[in-house]
Amino acid sequence: MLVSVTERTREIGLRMAVGAKPSDILKQFLIESIVLCGLGGGVGVLIAYLFVFLGNNYGIGAGGVINTDVVLLSIGFSAFIGVFFGYYPALKASKLEPIDALRYE
């Protein structure tokens, strides 16, 4: 997310210049990081389902059972990681001065 904020500094400056509040910028980057991490967790769950399916039906690997509570916990943990590692870059982006962000190369 830190790289994403750095690459999009001009966009952030433009949004702030046309009236976006710092809280809007903060919300944008936090939501973006939560969604990305949540999707990553969801893809991980789908891969786990695939391996369990192959293991149970075709004897490939050990097989197993997937618990719904564990699935929800893993996706929730992924979203938490998104908040944890997305907050600092989002805060940094929300504190940029519009003129400095527009001047950034």
Side-chain angles (χ1 to χ4, degrees):
M1 286 309 297
L2 191 57
V3 172
S4 176
V5 168
T6 304
E7 288 177 349
R8 295 166 59 189
T9 302
R10 291 181 59 92
E11 173 193 337
I12 295 165
L14 185 61
R15 286 192 67 209
M16 292 183 88
V18 296
K21 295 179 281 201
S23 63
D24 296 332
I25 304 296
L26 182 68
K27 286 177 197 172
Q28 174 190 351
F29 281 99
L30 272 179
I31 290 171
E32 189 175 309
S33 67
I34 291 169
V35 167
L36 283 174
C37 288
L39 286 175
V43 168
V45 167
L46 289 176
I47 291 171
Y49 271 120
L50 176 69
F51 280 120
V52 167
F53 175 78
L54 291 175
N56 289 338
N57 293 334
Y58 299 106
I60 301 171
V65 177
I66 294 185
N67 189 346
T68 306
D69 294 337
V70 174
V71 170
L72 295 175
L73 180 68
S74 66
I75 292 175
F77 186 73
S78 295
F80 171 74
I81 293 295
V83 170
F84 187 76
F85 287 104
Y87 183 75
Y88 173 71
L91 188 64
K92 181 180 171 187
S94 69
K95 290 186 177 185
L96 287 173
E97 290 295 323
I99 191 68
D100 294 331
L102 285 171
R103 229 184 282 158
Y104 182 79
E105 284 297 322

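Residue numbers run from 1 in the order of the sequence given. We use all heavy atoms of the structure for the numbers below, so side chains are in, but hydrogens, waters and symmetry mates are not.
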Heavy-atom side-chain contact between F29 and S4 under 4.5 Å:
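Yes, side chains in contact.
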Do the non-hydrogen side-chain atoms of L14 and R10 ever get within less than 4.5 Å of each other?
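No, every pair of side-chain atoms sits at 4.5 Å or beyond.
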Inter-residue atom distance [X].[atom1] - [Y].[atom2], 0.5 Å rounding:
| X | Y | atom1 | atom2 | answer |
| --- | --- | --- | --- | --- |
| I99 | R103 | CD1 | CZ | 5.0 Å |
| I12 | T6 | CD1 | OG1 | 8.5 Å |
| E11 | L102 | CD | CG | 11.5 Å |

Sorted by chain and number, sequence neighbours left out, side-chain contact (heavy atoms from CB on, under 4.5 Å) with D69 holds for N67
The criterion is side-chain contact (heavy atoms from CB on, under 4.5 Å); which residues satisfy it with F53, sequence neighbours excluded?
N57, Y58
Check the surroundings of atom OH in Y49: do more than 12 heavy atoms from other residues, nucleotides or ligands lie under 6.0 Å from it?
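Yes, because the 6.0 Å sphere around OH of Y49 holds more than 12 heavy atoms from other groups.
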Nearest heavy-atom pair of [X] and [Y]: which atoms, and what distance?
| X | Y | result |
| --- | --- | --- |
| M16 | A93 | SD-O, 4.3 Å |
| V45 | I75 | CG2-CG1, 4.1 Å |
| C37 | I81 | SG-C, 4.3 Å |
| A101 | L96 | CB-CD1, 4.3 Å |
| A17 | P98 | N-CB, 4.2 Å |
| G86 | S33 | CA-OG, 3.7 Å |

Is a side-chain donor or acceptor of S78 paired with a backbone partner of G38 at a separation under 3.5 angstrom?
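Not a single qualifying donor-acceptor pair exists.
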Do [X] and [Y] land in one hydrophobic cluster if side-chain heavy atoms of ILVMFWY residues count as linked below 4.5 Å?
| X | Y | answer |
| --- | --- | --- |
| L36 | L26 | no |
| F85 | I31 | no |
| V5 | L30 | no |

Can you check side-chain contact (heavy atoms from CB on, under 4.5 Å) on V52 and N56, steps first, answer last?
CA-CA 6 Å; V52 167; N56 289 338; 3.3 Å; yes
Connected to I34, directly or through other members, by ILVMFWY side-chain contacts below 4.5 Å are V83
Basic-acidic side-chain contact under 4.0 Å: K27, E32:
no
